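Only one structure is covered here, and it is reproduced in the block below.
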Amino acid sequence: MSLSITDLSVADSAFDVMTSTRSLLIYFAAKAQSLSGGPQVILNLVQALASTTWLPIVVVPQENLLSQALRSQKVAVEVLTPPKVLITNDSAVKSSWSEKLGILGALETYHCQLADLGRRYQVQGIWCRNVKSVLLTHGAAKQLQVPLIWDIGLEKTRSLFWRGLLQWGLWQADAIVMEAACQRQDLFGNWIPRFFAKKIRAIAPGISEKRIRQIQAYPPKVRSHSSEPYVITCIGSINNRKNQLGLLQAVAALNRPEIQVQLVGGATDEAYGQTCQDFVEQTPELTGRVSFLGWREDVPELMSQSDLLVLPSRGEGIPYVIHEAMHAGLPIVATTVGGIPDALSDRKTARLVSKDDPLALQQAIADCLDDPDAATQRATQAQQFAREKFAIAAWSKNYLALLENLCAKAG
């Protein structure tokens, strides 16, 4: 049965429509400062559900870009703000026993509120992105007796507390979805995932056909002569994890006057963003050669005006922008973190380097600049691979099969 998505708040008379289908509560705890990464996965999931008997109900902690985009598509959106006292970082470990009890009480209250919302929408499952969302939803899933799906995305492993929380999430979730198989070992080590093998599966994220058409509406750039500017684009939130400073340092060390750099994305770490700008201003080799473009909606056009995408990240899942660049036929230099090596092969579909290896990054950029034919050939092979593996059709098929399987088991 094909079902168009309508605006279904609890008060709507259209609620009767929902009783004839199965509702999935989609929970996203982050701020959604852009519509890339996790928010884009949710938009793709909503699109995949739109032509099935599953109806999405999206719950967010506050109104944001994601909620606005979903409302514009007539998707049911609910705002349920967690109390500030709930665990958000390592400071909870250092709190007093009375404060810990307060946190647990607030968490139980929040689970009850979310469960009440689930009952009103008669949800048959809860989907959440990242382990913080598992923390905020697992109690509701147990109260409702519905399966909990944990889409891992990119997770923090910066401390013993976070590593412990990740392992706790393995017990709570009924299904764990990773973007790449290598994330099992990166997040949980060698032996722990063996106990949860039946729960864990890798489903490579996909891009919608509409987005692919938007990307491929712009033909790849062709440099007419060697003196023409060589445009390197880096797309992503400006912060230490994305390591834009590493790219700037590599370009400064190369000191090739034809290189121009454009950083696309807002500074989610203002101090780090200022450090990047200060470095540009204080480095003569970068004078007039670096542009901070902020968040942009014209990424496909920017890619078509670029010669190279560089992603010097210290940590990733599989970045959405990698898939977009592959579909665009844009040469790529990236680090071997997260699921990137699952998507790209060094010297076959991209140039891959170890994280925090400035000399390797410099050499990879220089190789692309000095041998554009080889870079173009790698990009063409990457584009073909993306067509086969990184379209939303395969992703949605696997995800829907997972939902159907869990629903059947839950009865």
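Keep in mind the model is a prediction, meaning the values are calculated, not measured.
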Query raised in the report: Is a side-chain N or O of Asp307 found less than 3.5 angstrom from the main chain of Val231, in a donor-acceptor match?
Result: yes
**Report entry** Closest approach of Ile318 to Ala343 (non-hydrogen atoms, all atoms of both residues)
**Finding:** CG2-CB, 4.4 Å
Report task. Would you indicate whether the side-chain heavy atoms of Asp346 and Thr336 approach each other to under 4.5 Å? Result -> no
Query raised in the report: Does the side chain of Gln249 come within less than 4.5 Å of Pro358's, by heavy atoms?
Result: no
Report task. Check for a donor-acceptor pair, side chain of Tyr272 on one end and backbone N or O of Gln244 on the other, with a separation under 3.5 Å. Result -> yes
**Report entry** Reported CZ-to-SG distance for the pair Arg119 and Cys112, which is rounded to 0.5 angstrom
**Finding:** 7.5 Å
**Report entry** Exam field: side chain Arg314 to backbone Asn240, donor-acceptor pair closer than 3.5 Å
**Finding:** yes
Query raised in the report: Step by step, would you call Leu55 with Tyr121 a side-chain contact (heavy atoms from CB on, under 4.5 Å)?
Result: CA-CA 10 Å; Leu55 191 70; Tyr121 279 107; over 6 Å; no
Query raised in the report: Checking Thr335 side chain against Ser313 main chain: does a donor-acceptor pair fall under 3.5 Å?
Result: yes
Query raised in the report: Taking all atoms of both residues into account, what is the closest heavy-atom pair of Leu66 and Pro39, and its distance?
Result: CD1-O, 3.9 Å
Query raised in the report: Does the ring center of Trp395 lie less than 6.0 Å from the ring center of His323?
Result: no
Query raised in the report: Going from CG on Leu114 to SG on Cys128, what distance comes out if it is rounded to the nearest 0.5 angstrom?
Result: 10.0 Å
Query - Arg201 vs Asn398, side-chain contact (heavy atoms from CB on, under 4.5 Å): CA-CA, chis, key distance, verdict - result: CA-CA 10 Å; Arg201 65 208 69 201; Asn398 289 330; over 6 Å; no
Report summary line: Sorted by chain and number, sequence neighbours left out, ring pair (Phe, Tyr, Trp, His ring centres under 6.0 Å) with Phe195 holds for Trp191
Query - Minimum side-chain heavy-atom gap Asp356-Asn243 below 4.5 Å - result: yes
**Report entry** Distance (rounded to the nearest 0.5 Å) between Leu369 CG and Leu254 CG
**Finding:** 8.0 Å
Query raised in the report: Looking only at atom types and distance, does a side-chain atom of Ser304 sit under 3.5 Å from a main-chain N or O of Pro220, one as donor and one as acceptor?
Result: no
Query raised in the report: Just wondering, are more than 12 heavy atoms of other shown residues or ligands nearer than 6.0 Å to CD in Glu297?
Result: no
Query raised in the report: Yes or no on side-chain contact (heavy atoms from CB on, under 4.5 Å) for Leu49 and Leu403, after CA distance, side-chain angles and deciding distance?
Result: CA-CA 10 Å; Leu49 296 176; Leu403 289 175; 3.7 Å; yes
Query raised in the report: Is it the case that Arg378 and Gln381 place a side-chain donor and acceptor less than 3.5 Å from each other?
Result: no
Report task. Could you walk me through whether Asp373 and Gln377 pass the side chain to side chain donor-acceptor pair (under 3.5 Å) test, one step at a time? Result -> CA-CA 6 Å; Asp373 291 340; Gln377 184 178 4; over 6 Å; no
Query raised in the report: Would a distance-only check, ignoring hydrogens and angles, find a side-chain to backbone donor-acceptor pair under 3.5 Å from Asn405 to Ala401?
Result: no
Query - Neighbour count above 12 (heavy atom, 6.0 Å) for Lys221 NZ - result: yes
**Report entry** Considering all heavy atoms, the nearest Ile238-Cys276 contact
**Finding:** CG2-SG, 4.4 Å
**Report entry** Check: Ser23 main-chain N/O paired with Gln124 side-chain donor or acceptor under 3.5 Å
**Finding:** yes
Query raised in the report: How far apart are the closest heavy atoms of Trp54 and Leu24, and which atoms are they?
Result: CE3-CB, 3.8 Å
Requested in this report: Apply the test side chain to side chain donor-acceptor pair (under 3.5 Å) to residues Gln274 and Glu270: give CA-CA distance (whole Å), side-chain angles for both, the deciding distance (0.1 Å), then the verdict.
Outcome: CA-CA 6 Å; Gln274 188 60 54; Glu270 293 184 4; over 6 Å; no
Query raised in the report: Do the side chains of Leu247 and Ile365 get nearer than 4.5 Å, heavy atoms only?
Result: yes
Query raised in the report: Among all residues two or more places apart in sequence or in another chain, which pass the ring pair (Phe, Tyr, Trp, His ring centres under 6.0 Å) test with His327?
Result: none
**Report entry** Leu135 vs Val131 side-chain heavy atoms within contact, under 4.5 Å
**Finding:** no
Query raised in the report: Does some side-chain heavy atom of Leu361 sit less than 4.5 Å from a side-chain heavy atom of Val310?
Result: yes
Query raised in the report: Does the side chain of Tyr320 reach to within under 4.5 Å of the side chain of Ile207, using non-hydrogen atoms?
Result: yes
Requested in this report: Enter the distance from Cys234:SG to Leu311:CG here, rounded to the nearest 0.5 Å.
Outcome: 5.5 Å
Requested in this report: Work out which heavy atom in Glu228 is nearest to a heavy atom in Arg223; give both atom names and the distance.
Outcome: O-NH2, 2.6 Å
Query raised in the report: Counting N and O atoms only, with roles assigned by atom type, does the side chain of Arg289 sit under 3.5 Å from a partner on the main chain of Ile259, one being a donor and the other an acceptor?
Result: yes
Query raised in the report: Gln172 side chain to Leu170 main-chain N or O, any donor-acceptor pair under 3.5 Å?
Result: no
Query raised in the report: Is the number of heavy atoms from other residues, nucleotides or ligands within 6.0 Å of NZ (Lys348) greater than 12?
Result: no
Query raised in the report: Can you tell me if CH2 on Trp168 sees more than 12 non-hydrogen neighbours from other groups inside 6.0 Å?
Result: yes
Report task. Using modelled atom types only, decide if a donor and an acceptor are shared between the side chain of Ser396 and the backbone of Ala393 within a distance under 3.5 Å. Result -> yes
Query raised in the report: Side chains of Ile322 and Glu316: does their closest heavy-atom pair fall under 4.5 Å?
Result: no
Requested in this report: Report the C-alpha separation of Val177 and Ile200 in whole Å, then their side-chain angles, then the decisive distance to 0.1 Å, and conclude whether the side-chain contact (heavy atoms from CB on, under 4.5 Å) test is met.
Outcome: CA-CA 6 Å; Val177 178; Ile200 301 173; over 6 Å; no
Query - Between OH on residue Tyr218 and CD on residue Glu301, distance to nearest 0.5 Å - result: 4.5 Å
Requested in this report: Look at Asp370 together with Arg256 and state whether they make a salt bridge at an N to O cut-off of under 4.0 Å.
Outcome: yes
Requested in this report: Begin with the C-alpha distance, continue with both residues' side-chain angles, and end with the deciding distance and a verdict on side chain to side chain donor-acceptor pair (under 3.5 Å) for Thr268 and Ser237.
Outcome: CA-CA 6 Å; Thr268 54; Ser237 303; 4.5 Å; no
Query raised in the report: Looking at CD of Glu108 and CG of Leu104, how far apart are the two atoms once the value is rounded to the nearest 0.5 Å?
Result: 9.5 Å
Query raised in the report: What is the minimum heavy-atom distance between Lys199 and Ala173, and which atoms define it?
Result: NZ-O, 2.8 Å
Requested in this report: From the options Gln40, Gln216, Glu324, select the one residue that forms a side chain to side chain donor-acceptor pair (under 3.5 Å) with Arg211.
Outcome: Glu324
